[in-house]
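One structure is given below, encoded as structure tokens.
Letters A, B, ... mirror the listed sequences (proteins, then strands); counts begin at 1. Treat the numbers as computed from the prediction; the structure is a model and nothing was measured.
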Number of protein chains: 2
Amino acid sequence: MVKPASKTRKTARAQPGKPGALDRLRDAGLRPTRQRVALAALLFDGHPHGRHVTAEMLFDEARRRGARVSLATVYNTLHQFTEAGLLRELVVDPGTSHFDTNMGDHHHLYFEDSGELRDVDAGGIAIKGLPPTPRGTEVASIDVIVRLRRR
Amino acid sequence: MVKPASKTRKTARAQPGKPGALDRLRDAGLRPTRQRVALAALLFDGHPHGRHVTAEMLFDEARRRGARVSLATVYNTLHQFTEAGLLRELVVDPGTSHFDTNMGDHHHLYFEDSGELRDVDAGGIAIKGLPPTPRGTEVASIDVIVRLRRR
DNA sequence: TCAATAGATTAGAATTATTCTAACTAAAGA
DNA sequence: TCTTTAGTTAGAATAATTCTAATCTATTGA
């Protein structure tokens, strides 16, 4: 028997070759619950260049698509995904955390007027002259944020 | 008549050659109210290398010294000082803003375990390979945060 | 197959961080 | 001095996030 194509598609299809939301969750050791699958699909499917969201943004988006999730669960899930290495938490803006689906080595442009956040690949960027890492510590990460304003 | 030396000193004395809290406020066009003078003294006097505070930290410190200030006023004042160019707001930690009295060009080391924040002079640091500034915008600032963890 | 158990997950409630605004205060002008 | 105006303060309100009790799900054993 052939599986019929679903009539209505609520989520964008995963990129060919990329794991779908379900596989991502399984690989990360997280139970693929209804809520997580819905959020993972919104975050990862159909966004080949990555995306930046706040908890509130993702919550609104999920609601608009008809997913039944609470805001608290969105927060919990974003943190679980971050711990699992699926997301990176960004702090650019006092008062809200942003989460970035791009896990590659990169930095950020932040447009202060609009709040837009854009990735800059770290490939071409070199930071010279940083002091040696203090004794007993290691570098967890280096964040570079270029803040832009309208001229 | 000669003004007698005060018996009890509640605040550290300003550095010789550096303006005291009162003058700083006047220069910035802010009324030197009781609350502001107390907070400015805590922030600037006796800290030649600058300091990093959160609103809560400064509030507690002010209270311990017997200053009558509300937490809301501490927040208001920190923002007024920031707008006046006396402070710089830092966002390193999701959930709290830090304010830095060092207005020179510098970056930060952030010790994730302890929450300590340390300045790194920008003098010796060069960032190469950043993309050109997008049309219609200018660089407001570049923040570099090196996040360190215990090894 | 089904029930019992343990552990994971969810979301309402609680907490924390911050902002807003009505009341107060100080400065400036008459 | 009195009045007016603008700046300032802090209690109350809001926004962002976390906590935890209740719920759900997977697993195990009968």
Side-chain angles (χ1 to χ4, degrees), chain A residues 21-22 24-43 52-63 65-84 86-99 115 117, chain B residues 21-22 24-43 52-63 65-84 86-99 115 117:
Chain A
L22 230 130
R24 271 174 196 274
L25 293 176
R26 248 196 302 266
D27 292 352
L30 295 166
R31 280 192 200 165
T33 62
R34 171 171 57 76
Q35 291 89 337
R36 283 185 186 154
V37 171
L39 295 176
L42 290 176
L43 286 170
H52 302 105
V53 297
T54 63
E56 196 75 38
M57 283 165 60
L58 188 59
F59 174 66
D60 290 346
E61 196 177 333
R63 280 295 172 90
R65 302 272 191 116
R68 287 176 302 117
V69 199
S70 73
L71 180 56
T73 296
V74 173
Y75 273 100
N76 292 336
T77 302
L78 287 170
H79 286 129
Q80 289 152 0
F81 284 11
T82 300
E83 271 181 55
L86 299 175
L87 291 178
R88 175 175 159 186
E89 185 169 6
L90 285 182
V91 203
V92 269
D93 195 22
T96 4
S97 276
H98 291 248
F99 293 84
L117 208 43
Chain B
L22 229 131
R24 270 175 196 275
L25 292 176
R26 250 198 301 268
D27 292 352
L30 295 166
R31 281 192 201 165
T33 61
R34 173 172 56 76
Q35 290 89 338
R36 282 185 187 153
V37 171
L39 295 176
L42 291 176
L43 287 170
H52 302 105
V53 297
T54 63
E56 197 74 39
M57 284 165 60
L58 188 60
F59 174 67
D60 290 347
E61 197 178 332
R63 279 296 173 91
R65 302 272 191 116
R68 288 176 300 116
V69 200
S70 73
L71 180 57
T73 296
V74 173
Y75 273 101
N76 292 336
T77 302
L78 286 171
H79 285 128
Q80 289 151 1
F81 284 10
T82 301
E83 271 182 54
L86 300 174
L87 292 178
R88 174 175 159 185
E89 186 170 5
L90 285 181
V91 204
V92 268
D93 195 21
T96 5
S97 276
H98 291 248
F99 293 85
L117 209 43

Among D/dA26, D/dA10, D/dT8, the nucleotide that comes nearest once only the side chain of A/R31 is considered: D/dA26
Gap between atoms CZ and P, on A/R36 and D/dC24 respectively (whole Å): 16 Å
Each nucleotide N or O in nucleotides 16-19 of chain D that has a protein N or O under 3.5 Å away: list the pair and distance.
| residue | atom | partner | partner atom | Å |
| --- | --- | --- | --- | --- |
| D/dA16 | O3' | A/G95 | O | 2.9 |
| D/dT17 | OP1 | A/S97 | N | 3.1 |
| D/dT17 | OP2 | A/Y75 | OH | 2.6 |

Partners passing ring-ring contact (aromatic ring centres under 6.0 Å, His included) against B/H52 (at least two apart in sequence or in another chain): B/H108
Value in whole Å for how far the C1' atom of D/dA10 lies from CZ of B/R63: 10 Å
Whole angstrom value for the distance that separates P of C/dT9 from CG of A/L25: 10 Å
Nearest-Å distance for atom pair CZ/P, residues A/R68 and C/dT9: 18 Å
Spatial distance of atom CG (A/L43) from atom CG (A/L78) [nearest 0.5 Å]: 6.5 Å
Which residues share a side chain to side chain contact (heavy atoms under 4.5 Å, CB included) with A/Q35, sequence neighbours left out: A/T33, A/V69, A/T73
N or O in side chain of A/T33 less than 4.0 angstrom from C/dT10 OP1/OP2: yes
Separation of atom CG in B/L58 from atom C1' in C/dA17, rounded to whole Å: 15 Å
Nearest-angstrom distance from the residue atom CD of A/E83 to P of C/dA8: 13 Å
By side-chain hydrogen bond (donor to acceptor under 3.5 Å, both in side chains) - contacts of B/E89 (at least two apart): B/S97
For A/R26, side-chain hydrogen bond (donor to acceptor under 3.5 Å, both in side chains) partners two or more places apart: A/D23
DNA chain C base-pair string [pairs: Watson-Crick or G-U under 3.5 Å; |: paired with another strand]: ||||||||||||||||||||||||||||||
Steps toward side chain to side chain contact (heavy atoms under 4.5 Å, CB included) verdict (B/V92, B/H98): CA-CA 8 Å; B/V92 268; B/H98 291 248; 3.8 Å; yes
Integer-rounded Å distance: D/dA15 P and A/D93 CG: 15 Å
Residues that A/E83 engages under side-chain hydrogen bond (donor to acceptor under 3.5 Å, both in side chains), provided they are two or more places apart: none
ring-ring contact (aromatic ring centres under 6.0 Å, His included) involving B/Y75 - partner list, sequence neighbours excluded: none
Side-chain N,O (B/T73) to OP1/OP2 (D/dT9) below 4.0 Å: no
Side-chain N or O of B/Q35 closer than 4.0 Å to phosphate OP1/OP2 of D/dA10: yes
For atom CZ of B/F59 and atom P of C/dT16, their distance in whole Å: 14 Å
A/R34 vs B/T54, nearer the 5' end of DNA chain C by closest nucleotide: A/R34
With A/E56 via side chain to side chain contact (heavy atoms under 4.5 Å, CB included) - residues at least two apart: A/T54, A/F59, A/D60, A/L71
